[in-house]
**Student:** 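One structure follows; several queries about it will come next.
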Amino acid sequence: MNDPTKDAAAESSLSKRIGAGLANERTVLAWTRSALSLAAIAGLIAHAATDAHAYAIGYPLVVLLLVGALLTWRYGSHIYTDNRRAVAAGEPVARPRALKLLAALTTTSGAIALTITVISI
Amino acid sequence: VSATPAESGTTEPHDAPASATRTVNDKPGRRRNAITDVGTDPDPRFTLANERTFLAWNRTALALIAGGLAVAQFLKLGLGGARLILALPLIALGAAMSLSSYRRWERNERALRLKQPLPTSALPRMLAYAIVLVAIAATALAVVEYASR
């Protein structure tokens with residue numbers, strides 16, 4: 001006969017792994033959406049720079065934001081596999097440096113947006 | 001799939017420590033940083049939920065910035081500079097919010113690792129108030145615009 005405590009333990013471990021897998025997937029989708037938002041801001045800043053004839057300052061910043069968006073998207077796909085490995089190995093999945101970088105990139109895009117809006121007055 | 005500390009340490013250059021157990025934070029080979037040295041590793045689902053919460057705040061900041069830019073670029077009003085009354089606060093709010101989003105993540109992660117209750121924050125309420133203010137300003141602008149036609 002099966003040992004009921006063993007069955008319960010196996011089931012809880014399975015649901016935990018499935019839960020971690022789905023949480024991982026939602027997290028990757030959240031990274032992808034962040035990348036799309038960054039790309040949208042890059043587009044809006046390109047429009048603003050064109051409008052203000054601020055090509056020399058504006059376009060390099062647009063390229064910077066697009067590269068940031070691309071890296072954010074790529075990073076999302078990277079952490080999908082890496083989180084699976086980390087969860088299986090019992091390692092923590094916290095990534096403080098990457099989050100700090102994304103926050104810094106967002107603040108930078110805000111500063112660029114403020115500057116270009118004031119310039120175009 | 002298990003890797004020796006030496007292997008995983010060289011193949012995975014990112015924040016997660018190269019090798020760890022759930023209880024020993026100073027095990028040799030485990031990459032150290034300020035936050036994962038505190039307390040014990042929580043259930044990974046909680047860390048992932050915290051990360052998504054950070055990303056959601058950060059995306060709210062991005063949406064505010066994008067909204068402000070869109071107002072500045074595409075809103076045509078009789079009073080030329082009036083759109084800036086909406087655009088500049090929206091962008092500034094977004095920039096300020098992304099500044100605070102990382103700090104929130106770190107506070108939450110610390111509480112998770114120490115098995116303490118999650119810290120409260122005034123930020124959701126502030127955001128709601130700010131959005132109400134922007135909505136009132138937008139309504140006022142629309143009314144003035146309609147009346148001056």
Side-chain angles (χ1 to χ4, degrees), chain A residues 16 19-31 33-34 36-38 40-41 43-45 47-48 51 75-76 78-79 82-118 120-121, chain B residues 1-3 8 12 14-22 30 33-36 41-52 54-56 58-59 61-66 68-70 72-74 80-81 84 87-88 91-103 105-106 109 113:
Chain A
K16 218 172 163 175
L22 293 174
N24 190 23
E25 192 165 325
R26 288 196 299 279
T27 308
V28 169
L29 288 168
W31 277 95
R33 279 196 308 277
S34 298
L36 286 170
S37 301
L38 272 171
I41 288 187
L44 284 164
I45 287 177
H47 187 273
D51 225 38
Y75 188 69
H78 160 73
I79 66 172
D82 196 62
N83 281 346
R84 287 176 72 94
R85 181 199 59 77
V87 169
E91 292 172 11
V93 291
R95 27 191 97 247
R97 264 186 312 167
L99 302 191
K100 211 181 267 186
L101 257 174
L102 181 62
L105 188 61
T106 306
T107 311
T108 309
S109 75
I112 296 171
L114 267 184
T115 311
I116 203 117
T117 304
V118 170
S120 63
I121 290 175
Chain B
V1 179
S2 67
S8 58
E12 296 299 334
H14 70 95
D15 293 322
S19 169
T21 65
R22 295 205 152 260
R30 177 177 159 132
N33 60 56
I35 191 71
T36 51
D41 294 345
D43 186 320
R45 288 173 292 179
F46 298 157
T47 299
L48 291 174
N50 189 22
E51 183 167 317
R52 286 196 301 280
F54 162 83
L55 289 168
N58 194 68
R59 222 162 34 245
L62 286 167
L64 287 166
I65 294 169
L69 276 171
Q73 293 302 305
F74 300 115
L84 296 176
L88 292 178
I91 298 174
L93 188 64
M97 188 161 288
S98 66
L99 269 181
S100 69
S101 62
Y102 176 75
R103 190 109 206 89
W105 176 84
E106 202 177 66
E109 192 69 13
R113 298 191 67 88

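Letters A, B, ... are given to chains in the order of the sequence lines, protein chains preceding strands, and every chain is numbered from 1.
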**Student:** So B/D41 and A/V93, do their side chains get closer than 4.5 Å, heavy atoms only?
**Tutor:** no
**Student:** Which of these, A/T107, A/L102, A/L99, A/L38, sits in a side chain to side chain contact (heavy atoms under 4.5 Å, CB included) with B/N58?
**Tutor:** A/L102
**Student:** For B/R45, check salt bridge (charged side-chain N to carboxylate O under 4.0 Å, His left out) against everything at least two apart and list the hits.
**Tutor:** B/D43
**Student:** Between A/G21, A/A104, A/G19, A/A23, which residue shows the highest count of heavy-atom pairs closer than 4.5 Å to chain B?
**Tutor:** A/A23
**Student:** Chain B heavy atoms under 4.5 Å from A/N83: which part of the residue, side chain, backbone, both or neither?
**Tutor:** side chain
**Student:** Where do A/A30 and B/R59 come nearest, in terms of heavy atoms and distance?
**Tutor:** O-NH1, 3.1 Å
**Student:** Which atom pair, heavy atoms only, marks the closest approach of B/I65 to A/S109?
**Tutor:** CD1-OG, 3.9 Å
**Student:** List for me each residue that meets side chain to side chain contact (heavy atoms under 4.5 Å, CB included) alongside A/T27, sequence neighbours excluded, and say none if there are none.
**Tutor:** A/W31, B/L48, B/E51, B/R52
**Student:** Under a 4.5 Å heavy-atom cut-off, does chain A meet the side chain of B/A66, its backbone, both or neither?
**Tutor:** both
**Student:** Among A/V118, A/I41, A/I45, which residue has the highest count of heavy-atom pairs closer than 4.5 Å to chain B?
**Tutor:** A/I41
**Student:** Between B/L55 and A/S34, which heavy-atom pair has the shortest distance, and what is it?
**Tutor:** CD2-OG, 3.8 Å
**Student:** Examine whether an atom of A/A40 lies under 4.5 Å from a heavy atom of chain B, and if so say whether it belongs to the side chain, the backbone or both; otherwise answer neither.
**Tutor:** neither
**Student:** Taking all non-hydrogen atoms of both residues into account, name the closest pair between B/A95 and A/G110 and its distance.
**Tutor:** CB-CA, 4.3 Å
**Student:** Using a cut-off of under 4.5 Å for heavy-atom pairs, which of B/L69, B/L88, B/T47 has the most such pairs with chain A?
**Tutor:** B/L69
**Student:** Where does B/L84 contact chain A at under 4.5 Å (heavy atoms): side chain, backbone, both or neither?
**Tutor:** side chain
**Student:** Please report the interatomic distance CG(B/L62) to CZ(A/R33), rounded to the nearest 0.5 Å.
**Tutor:** 12.0 Å
**Student:** Which atoms of A/R84 are under 4.5 Å from chain B, going by heavy atoms: the side chain, the backbone, both sets, or neither?
**Tutor:** neither
**Student:** Determine whether B/Y102 and A/T106 make a side-chain contact, defined as any pair of heavy atoms from C-beta on separated by less than 4.5 Å.
**Tutor:** no
**Student:** Considering all heavy atoms of both residues, which atom of B/S101 and which atom of A/A103 are nearest to each other, and what is their separation?
**Tutor:** OG-CB, 4.0 Å
